[in-house]
Amino acid sequence: MGALDWPGLAFTWIDGMMRGLAAPWRLVLWAMIAAALSMAIYRYASPQRRIAQAQDQALAARRALDRFDGEFAEAWPLIRDVLRTAFRRIGLVLPGVMLAMLPILALLVWLSTSYGYRFPDPNDAVNVATHPRSAGVQAELSVMPHQATKPESRRVVLRDPSGSVSAAIPLAQPVPVLEKRRWWHALIGNPAGYLPDDSAVERVEIALPAQEMLQMGPAWLRGWEPLFFAVMLTASLAIKRLWRIA
C-alpha cells in the first residue's frame, strides 16, 4: 500500500456503513463529505483575516489601475502594486489549499478503485493486452469458480510465446492496469498487485467494464467522476458562502 492508500481502510469501513444506499447516493454523500472536510481544513489552516485584507488591497490596486489615464510607462508603479497584492494573496492562500487537498487526494485514490470499474459477468469476454507487444506474451483473465470453501476469484494469466504459463497474478480488485512496481507506488499503490520484476512485459491492460453512476447521457458522463466533482464543487461553493471563507 502507498502512503495515500492507508486512509482507504477508513473509507471502506464508512462506505460499508452506507451499503443501504445505492452507489450513486453514496457517491453524492462522499462528495459532500469531501467538500465539508476540505473547506473546514482550509478555513482553519489559513489566515482568514490576512487573506481578507489582501483581497481588499488587491481590489484597491486594480481599481487604481483602472482609473489611471496616463502614459503606459507611468503606469508601472500601479501594475507592480497589482502584481504584488495578487502574489501576496496567493502566498497566503496556497499553504491552506495544499493541506486541504491531502484528504481529497486520498479519497480520489480510493474512489477510483471502489467506484471506477467492476468485474465482468461470468460469460462476458474481456480483452487483455500486454505491452510491449513485441515480447510476444499473451494474457487472459481467468475466473476460478466459487467453491464450498473459496469465493469466486480472478487472476491474470501470462503465457510466453510457446504457450506456457509464465505468471499468474491474482486480481483481488477490479483494476484495469497491472504493471511492474515503480517509485510512485510508494505514494499510490496498485490494489491489484504488480507484475514480476523479471516479466517480459511492462504493462497489462484489462478492458474491465466501468461502473455507471448515471443511467443516462453519453458514456463519459456515466462514471463516478462527473457526478462526484459536480456535487463537490457545488457543495464547496455553498459552504464557502455560508461560512464566509476568504
Main-chain N/O of Arg222 paired with Gln211 side-chain donor or acceptor, under 3.5 Å = no

remark   = Shortest non-hydrogen pair, Ala45 vs Leu99, comes out as CB-CD2, 3.7 Å

task = Measure across Asn190 and Tyr194 and return the closest heavy-atom pair with its distance rounded to 0.1 Å.
result = N-OH, 3.0 Å

task = Take Glu179 and His185 through the side-chain contact (heavy atoms from CB on, under 4.5 Å) test and state the conclusion after the steps.
result = CA-CA 10 Å; Glu179 57 188 356; His185 291 131; 3.4 Å; yes

task = Treat each ILVMFWY residue as a node, draw an edge where side-chain heavy atoms are under 4.5 Å apart, and state whether Phe229 and Leu111 are in one component.
result = yes

request  = For salt bridge (charged side-chain N to carboxylate O under 4.0 Å, His left out), just list the numbers for Arg84 and Asp81, CA-CA rounded to whole Å, side-chain angles, deciding distance to a tenth of an Å, and then say yes or no.
outcome  = CA-CA 5 Å; Arg84 177 179 56 80; Asp81 285 343; 3.5 Å; yes

query = Does Ala35 offer a backbone N or O that forms a donor-acceptor pair with the side chain of Ser38 under 3.5 Å?
reply = yes

task = Would you check if the side chain of Thr234 reaches a backbone N or O of Val231 as a donor-acceptor pair within less than 3.5 Å?
result = no

Minimum heavy-atom distance Pro120-Val126, with the two atoms named = CG-CG2, 3.3 Å

task = State plainly whether one hydrophobic cluster holds both Val97 and Met39, where clusters connect Ile, Leu, Val, Met, Phe, Trp and Tyr through side-chain heavy atoms under 4.5 angstrom apart.
result = yes

message = Quick one: does any side-chain atom of Thr130 pair with a main-chain N or O of Val201 as donor and acceptor, under 3.5 Å?
response = no

remark   = To the nearest 0.5 Å, atom CZ of Arg89 lies from atom CD1 of Ile51 at 7.0 Å

key: Criterion salt bridge (charged side-chain N to carboxylate O under 4.0 Å, His left out) on Arg182 and Glu202, from CA distance to verdict   = CA-CA 11 Å; Arg182 308 296 184 188; Glu202 298 290 330; 2.6 Å; yes

task = Would you give the length of the straight line joining atom CG of Leu27 to atom CE of Met232, rounded to the nearest 0.5 angstrom?
result = 11.0 Å

key: Least distance between heavy atoms, Thr85 atom then Ala58 atom   = OG1-CA, 3.4 Å

request  = Report yes or no: do Trp110 and Asp5 form a side-chain donor-acceptor pair below 3.5 Å?
outcome  = no

task = Applying salt bridge (charged side-chain N to carboxylate O under 4.0 Å, His left out), run through Arg19 and Asp15 and close with a yes or a no.
result = CA-CA 7 Å; Arg19 283 295 175 182; Asp15 197 64; 3.3 Å; yes

ask   = With a cut-off of 6.0 Å (strictly less than), are more than 12 heavy atoms of other residues, nucleotides or ligands near CE of Met18?
value = yes

ask   = Closest heavy-atom contact between Ala135 and Pro161?
value = O-CG, 3.8 Å

inquiry  = With a 3.5 Å distance limit and no angle check, can you tell me whether Lys180 reaches the backbone of Leu195 through a side-chain donor-acceptor pair?
reply    = no

task = Could you verify whether a donor N or O on one side chain and an acceptor N or O on the other, from Tyr115 and Arg26, lie under 3.5 Å apart?
result = yes

message = Tell me if a side-chain donor or acceptor on Lys240 pairs with a main-chain N or O of Ala235 at a distance below 3.5 Å.
response = no

ask   = In the single-linkage hydrophobic clustering (I, L, V, M, F, W, Y; side-chain heavy atoms under 4.5 Å), do Trp25 and Ile33 co-cluster?
value = yes

query = Do Asp160 side-chain atoms and Ser164 backbone N/O form a donor-acceptor pair below 3.5 Å?
reply = yes

inquiry  = Could you tell me if Gln48 and Ser46 have a donor-acceptor pair between their side chains, going purely by distance under 3.5 Å?
reply    = yes

inquiry  = Run Phe68 and Ile79 through side-chain contact (heavy atoms from CB on, under 4.5 Å) and show every step you take.
reply    = CA-CA 11 Å; Phe68 181 75; Ile79 295 174; over 6 Å; no

inquiry  = Would Leu59 and Arg63 count as a side-chain contact (heavy atoms from CB on, under 4.5 Å) here? Give the steps.
reply    = CA-CA 6 Å; Leu59 179 60; Arg63 287 176 175 173; 3.6 Å; yes

key: Residues Val156, Val204; criterion side-chain contact (heavy atoms from CB on, under 4.5 Å); working and verdict   = CA-CA 9 Å; Val156 174; Val204 176; 4.2 Å; yes

query = What's the shortest heavy-atom distance between Ile169 and Ala192, and which atoms?
reply = CG2-O, 4.2 Å

